[in-house]
Structures are given as C-alpha cells and as structure tokens.
Amino acid sequence: MTSVTSPLAGKAIGLAAVPDPVFSGAMVGPGTAIDPERDATEAVAPVDGVVVSLHPHAFVVVDSEGHGVLTHLGIDTVQLNGEGFELLVNKGDTVQRGQTVVRWNPAAVEAAGKSPVCPIVALEATAEALTDVVEDGDVKSGDALFSWK
C-alpha cells in the first residue's frame, strides 16, 4: 500500500473539477487535484522514490512498489516554457517524501492566463486501486491525498 501525500498546500477539488478533459476524465489515471494557495512556492515529492520524469511544469516519482505518481503544476503550463519554474532535483535522483522538487509561483501562472490547479495522478492505476481519496477541504503540504493498493 502506497500513501500519496500532497505536494503543496491548497484546497482539494478532485479530478472532475480540473479544467482539462484529459485530467478531469481520468484519462491519465485516477487521483485528485489541488487548487494551490497562491503563495505556495514549493512542490514536494508526494512519495519516497526515484524521479523518472522531470519538466518545469510536471514530475513523476516512482516508489519502491513501482507506483508512479504524477504531479502536474497547473494546466497548460507547458506553454510557459519553464518560465517561473525552478527545478531543484534531476531526473534519476532519489527523493524523500516532502523534499522540494520544483519551486514555482501559482499566482504568476494565473496571471499568465493559465489555471494553477494541480492534478496529482496515480499513473497506470485503476480507480478501484485507490482508497481514501481526498476531493475537498483544505490540505497542507504532506497531508494524505489517497492510498494506492
């Protein structure tokens, strides 16, 4: 069982509320989403593991059970070409839950006309594999978001 924790502080809104059909339709995988506090500047690892994919706007950490967790910082933020994002680790690095992976500015993302909402997705999982999914309420960085069987 993998416990996935929030990579940032904000309000849990669930994937269905994400303003992007690929995420809201769970096409990438099941999970939840966080509408970040606008002054939240650090996105941290949601699990202990290895960074297998790393972009300014998104990263994937795979844990020891082979579960890949995608943290996507905002919607359509790939179009910002990395502006306003600072990578603090490298692809292939081993990270600990809570370790800062990317420094960013949700308020600047919003000012650039993009949604700062952050999907947190269990890659290659079924919805039935997740339990205790948090889809509403305030969350702090490190709070439990879901468990993955």
Side-chain angles (χ1 to χ4, degrees), residues 2-63 67-91 93 95-125 127 129-148:
T2 297
S3 173
V4 177
T5 55
S6 186
L8 54 153
K11 288 197 178 314
I13 61 169
L15 278 185
V18 174
D20 181 296
V22 172
F23 288 111
S24 63
M27 292 179 213
V28 179
T32 191
I34 306 296
D35 186 0
E37 292 177 355
R38 297 308 184 257
D39 61 354
T41 58
E42 294 184 343
V44 304
V47 293
D48 293 342
V50 176
V51 178
V52 298
S53 179
L54 181 65
H55 303 278
H57 64 280
F59 59 91
V60 176
V61 179
V62 174
D63 73 2
H67 293 150
V69 179
L70 167 68
T71 299
H72 202 285
L73 302 174
I75 301 300
D76 295 330
T77 45
V78 66
Q79 296 167 4
L80 300 177
N81 298 315
E83 184 141 343
F85 297 85
E86 178 187 1
L87 301 176
L88 302 176
V89 300
N90 296 300
K91 184 176 174 181
D93 284 359
V95 293
Q96 302 300 309
R97 178 190 314 272
Q99 180 178 339
T100 304
V101 176
V102 178
R103 196 168 287 128
W104 72 307
N105 184 335
V109 165
E110 198 167 48
K114 309 296 179 196
S115 169
V117 167
C118 300
I120 317 303
V121 176
L123 297 175
E124 299 179 26
L130 304 189
T131 58
D132 305 316
V133 179
V134 176
E135 295 191 322
D136 56 30
D138 293 335
V139 292
K140 296 188 294 294
S141 181
D143 284 356
L145 287 183
F146 54 85
S147 294
W148 189 346

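Numbers here are sequence positions counted from 1.
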* To do: Identify the heavy atoms of Pro119 and Val18 that sit nearest to each other, and give their distance.
  => CG-CG1, 4.1 Å
* Shortest non-hydrogen contact between Arg38 and Asn105, atoms and distance -> O-OD1, 4.0 Å
* Partner of Val44 under side chain to side chain contact (heavy atoms under 4.5 Å, CB included), chosen from Val95, Thr5, Thr71, Thr100 -> Thr100
* Are any of the side-chain heavy atoms of Leu123 and Val62 separated by less than 4.5 Å? -> no
* Asked: Can you name the closest pair of heavy atoms from Pro46 and Phe59 and give their distance?
  -> CD-CE1, 4.0 Å
* Given the rule in the side-chain contact (heavy atoms from CB on, under 4.5 Å) test, do Val51 and Asn90 qualify, once you have shown the distances and angles that lead to the verdict? -> CA-CA 7 Å; Val51 178; Asn90 296 300; over 6 Å; no
* Asked: Nearest heavy-atom pair of Val117 and Ala33: which atoms, and what distance?
  -> CG1-CB, 4.1 Å
* Asked: Quick check: are there more than 12 heavy atoms from other residues, nucleotides or ligands sitting under 6.0 Å from CG of Asp143?
  -> yes
* With the side chain counted from C-beta on, respond yes when Pro7 and Ile120 share a heavy-atom pair under 4.5 Å apart, and no when they do not. => yes
* To do: Return the minimal non-hydrogen interatomic distance between Arg97 and Ser3, and the atom names on each side.
  => NH1-O, 2.8 Å
* Looking at Ile75, Thr77, Asp35, which one forms a side chain to side chain contact (heavy atoms under 4.5 Å, CB included) with Ser115? -> Ile75
* Asked: Out of curiosity, Asp138 CG to Glu37 CD, how far, rounded to the nearest 0.5 Å?
  -> 7.5 Å
* To do: Mark yes or no for whether Thr32, through its side chain, and Val134, through its backbone, hold a donor-acceptor pair below 3.5 Å.
  => yes
* Within a strict 4.5 Å, meaning less than it, do heavy atoms of the Gln99 and Val89 side chains meet? -> yes
* Report the C-alpha separation of Arg103 and Leu88 in whole Å, then their side-chain angles, then the decisive distance to 0.1 Å, and conclude whether the side-chain contact (heavy atoms from CB on, under 4.5 Å) test is met. => CA-CA 7 Å; Arg103 196 168 287 128; Leu88 302 176; 3.7 Å; yes
* Asked: Under a 4.5 Å cut-off applied to non-hydrogen side-chain atoms, are Trp148 and Leu130 in contact?
  -> yes
* Structure fact -> Of all heavy-atom pairs linking Glu135 and Gly31, the shortest is OE2-O, 4.4 Å
* Asked: What distance separates Asp63 CG from Asp48 CG, expressed to the nearest 0.5 Å?
  -> 8.5 Å
* **Audit row: Leu145, Ile34, side-chain contact (heavy atoms from CB on, under 4.5 Å) steps and yes/no** => CA-CA 10 Å; Leu145 287 183; Ile34 306 296; 3.8 Å; yes
* Count the heavy atoms belonging to other residues, nucleotides or ligands that lie under 6.0 Å from CD of Glu83, then report whether that count exceeds 12. => no
* From Phe23 atom CZ to Leu70 atom CG, the distance as rounded to the nearest 0.5 Å -> 5.5 Å
* Quick one: do Leu8 and Trp104 satisfy side-chain contact (heavy atoms from CB on, under 4.5 Å)? Show the steps, please. => CA-CA 11 Å; Leu8 54 153; Trp104 72 307; 4.0 Å; yes
